[in-house]
Every structure is written in C-alpha cells, then in structure tokens.
Protein chains: 2
Amino acid sequence: MPQRTKKPGAAKTRSVAFRRIRADHSSELAEDYVELIADLIDEKGEARGSDVAMRLGVANATVVKTLKRLQDAGLVTQEPYRSIFLTGEGWKMAEDGRRKHKIVEAFLLALGVSEETARIDSEGIEHHVSEETLRAMARFLARKVM
Amino acid sequence: MPQRTKKPGAAKTRSVAFRRIRADHSSELAEDYVELIADLIDEKGEARGSDVAMRLGVANATVVKTLKRLQDAGLVTQEPYRSIFLTGEGWKMAEDGRRKHKIVEAFLLALGVSEETARIDSEGIEHHVSEETLRAMARFLARKVM
DNA sequence: CTGAAAGTTTAGCATTGGCTAAACCTATTG
DNA sequence: CAATAGGTTTAGCCAATGCTAAACTTTCAG
Ligand SMILES: [Mn+2]
Ligand SMILES: [Mn+2]
Ligand SMILES: [Mn+2]
Ligand SMILES: [Mn+2]
C-alpha cells in the first residue's frame, strides 16, 4: 500500500452539506424567476421578459435563455414576443418561494435588522434554509408577537 | 412611442438584492475552499487536493481546476503533486469565513434547530448574511447566554 | 533499488448563466 | 395602412463548475 495512509470514514460525512448547497444553487435561479413572474402577474397583470430582466438586473438575452430552460423544466409557458405564464407547477414553486421568503424576511426584521438589509439578505438566505429552520424562525416570530 | 408604455423608476431598485446574490455566489466557492484548506492544515498538518475533493463531494479533477483559479486569485500556493498552502490573503479569507460560519451555526443552534441542521444550513447561509445581520445574530446569542 | 499501486494531473466534454451586437417582430402613428 | 421606433429574440462569445477517462508521478514493498 503505497503513499500515506488515509483515515477513511468520517471525512465523507461532511460532504453532505456541500452537496445540499450545490443542489440549492441549481434550483435557486428557477425559484427567483417563478416568484418574480408571479409577482409581476399579480402586480401588472402580465409578466414580460424585459420586466424580469430589469428586476433581476441582467440582460434581456439572459432572461430569454433562462426562460427556455424553465420551459423545458415545465415551470413556465411562453410564445415568442408574448408575455410569460406559469404552469401549475410553476405557481406551486412560486407560492412556496413566497412563503419561505416572507418567513425569512419577517424573521430578520424581528431580529432587529433594517428593512433594507432584511430585504437584501432574505433574497439569498431563503434558498438555504431547511424546513426545520423555517419552523424555528416561525416559532420565534410567534413568540415575539405574543 | 409604440408598444405598451412602461412605468419606469422603482423597478430598477429591486435589482440590487439580486446583484448582491450573484456577487455572493462568485465568492462563495473560494470561501469554502480556503476555509476547508485551513481546517485540513490545522487538523492534519497539511491539505491535499484529494482531501478537499472528498470533503466537498466533488471529483479530484474539479478541485485541481478550481485550485488553479484560486492560485491566480492569490489565495493559495501549490506545486504539482504537493499539498496546498494558503497565502496571507488566503488565511485572512479563511479566518473571516470561520468567524461568520461560527456565528451563523451557533445562532441556529440557539434558535433551537438540531445540530445536523445547523451544520448543514449554516454552510449555505454564511455566504448570504451581511455584517448587519451577523451583528444581530451575535446580539441574540449574547442575550441568550446571559 | 526497482516495479507497480495508488494518488494526481491533463484532456476533453457538458451545462449554466452571463454579455453584446445584429436580426427580427409588433404595434403606434402619421 | 404602411413605416418605423422600439421591444424581443438569435447568434456567438466567455467564464465557472462539474464530470470521466487517460496519462503521469510518487512512494513504498519487496
Ligand atoms: Mn424569493
Ligand atoms: Mn431569492
Ligand atoms: Mn464555512
Ligand atoms: Mn459555506
């Protein structure tokens, strides 16, 4: 057995967290897109690609390409030069995103951070909180109110 | 002025959060790498690429490629077939990562989530908390203890 | 001191998510 | 009702992160 010997075992366990993060990242963009599209539909009656681009701060072309992937994933439907619609699955993901987003943002506010920071930080944190942590945040909020 | 008219103004403001997230993501991997390398050096005396790969749960080849970028960024030094060292800047980033990581993980525990969840969620959340939120978490911890 | 096992790097490929510039529609306006 | 301003998509580029398979080093066993 050449080379230094390696203590196997506990090392691999730690990779779980990093695997979860990589998985979170790949769903993160989709979550933000559908949530944003849902907001636009509720606010203005329709979601246009250029509105999505503006709010995300990316180029139109980027949105077009991403929407194609979301369409393949069954989250949105669209036709060229038309506004964007969410599928049933898209709406479900959007609602779930909103739910998480609200809890995280309200929680940060209750913790005492400014509105702007709560808004900004929650946009990133929302994708990395497990249901268990969300429950703990909700519990904290409930206790705070009472 | 053809096409539907667009209400300009407040729309662009919202892109700030998403820009921050995209920036966070591009530094996230570097932060995890240097923190992990620092841990390996402290634990075993040296950090080898394959240990990093094992803990992250990615292929060796991926680590090699990423380390090349980190080297270009001035965070690590290395020679072929040798273990990895952190530069001064690398150590600084690692220490800062550890600091954030500890606060977030301790905070989640104090909030009442399980150790495993705290470990996993903190690995993702740490990259999306502003200094203001970190201060609020530290404040909460201080209050809890007393 | 040498051969081969085991660890490490290279080569080559794929996907995601950005960008700009050019081509392409649509809808308003004259 | 046609021209065109202006919104939308396509084309083509790039960097970051993954992967597998093949080539390459290192180190220890004999
Ligand atoms: Mn959200
Ligand atoms: Mn978000
Ligand atoms: Mn960390
Ligand atoms: Mn991390």
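Every chain is numbered from 1 and lettered A, B, ... according to where its sequence line falls, protein lines coming before strand lines. Just so it is clear, the values below take in all heavy atoms, side chains as well, and ignore hydrogens, waters and symmetry mates.
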Mind calculating the distance between CG (B:Asn60) and C1' (D:dC19) to the nearest angstrom?
12 Å
Does the side chain of A:Met93 reach to within under 4.5 Å of the side chain of A:Leu86, using non-hydrogen atoms?
no
From the set D:dC19, C:dA27, C:dG18, return the single nucleotide nearest to any side-chain atom of A:Arg82.
C:dA27
Assuming nearest nucleotide by heavy-atom distance, tell me which of B:Lys68 and A:His25 is located more 5' along DNA chain C.
B:Lys68
Check against salt bridge (charged side-chain N to carboxylate O under 4.0 Å, His left out), B:Glu43 and B:Arg55:
CA-CA 13 Å; B:Glu43 279 173 38; B:Arg55 294 216 182 170; 2.8 Å; yes
Walk me through it: do B:Glu123 and B:Asp32 pass the test side-chain contact (heavy atoms from CB on, under 4.5 Å)?
CA-CA 9 Å; B:Glu123 193 60 74; B:Asp32 282 339; 3.0 Å; yes
Crowding at CD, A:Glu95 (>12 non-hydrogen neighbours, <6.0 Å)
yes
Could you tell me the separation between the CG atom of B:Asp51 and the P atom of C:dT8, rounded to a whole number of Å?
8 Å
What's touching nucleotides 21-23 of chain C from the protein side, N or O pairs under 3.5 Å?
none

Choose from C:dG18, D:dC19, D:dT9 the nucleotide whose nearest atom is closest to any side-chain atom of B:Val58.
D:dC19
Considering just the side-chain nitrogens and oxygens of B:Ser50, establish if one lies under 4.0 Å of OP1 or OP2 belonging to C:dG7.
no
Can you tell which of C:dT9, D:dG18, D:dT20 lies closest to the side chain of B:Lys65?
D:dG18
Is the gap between the ring centers of B:His127 and A:His25 under 6.0 Å?
no
Could you tell me the separation between the CD atom of A:Gln78 and the C1' atom of D:dT8, rounded to a whole number of Å?
11 Å
Upstream residue (5' side of DNA chain D) when A:Gly49 and A:Arg22 are each assigned their closest nucleotide:
A:Gly49
With distance as the sole criterion, is a donor-acceptor pair present between the side chains of A:Ser50 and A:Asn60 under 3.5 Å?
no
Find the distance A:Glu79:CD to C:dT26:C1' and express it as a whole number of Å.
15 Å
Can you check whether B:Arg48 has a side-chain N or O nearer than 4.0 Å to OP1 or OP2 of C:dG7?
no
First encountered from the 5' end of DNA chain C, between A:Pro80 and A:Gly57
A:Gly57
What does A:Thr66 touch in the nucleic acid at a heavy-atom separation under 4.0 angstrom: a base, only the sugar-phosphate, or nothing?
nothing
Taking side chain to side chain contact (heavy atoms under 4.5 Å, CB included) as the test, write out the residues that go with B:Ala118, two or more places apart.
B:Glu105, B:Leu108, B:Leu109, B:Val113
Quickly work out the B:Leu67 CG to C:dT9 C1' distance and round it to whole Å.
12 Å
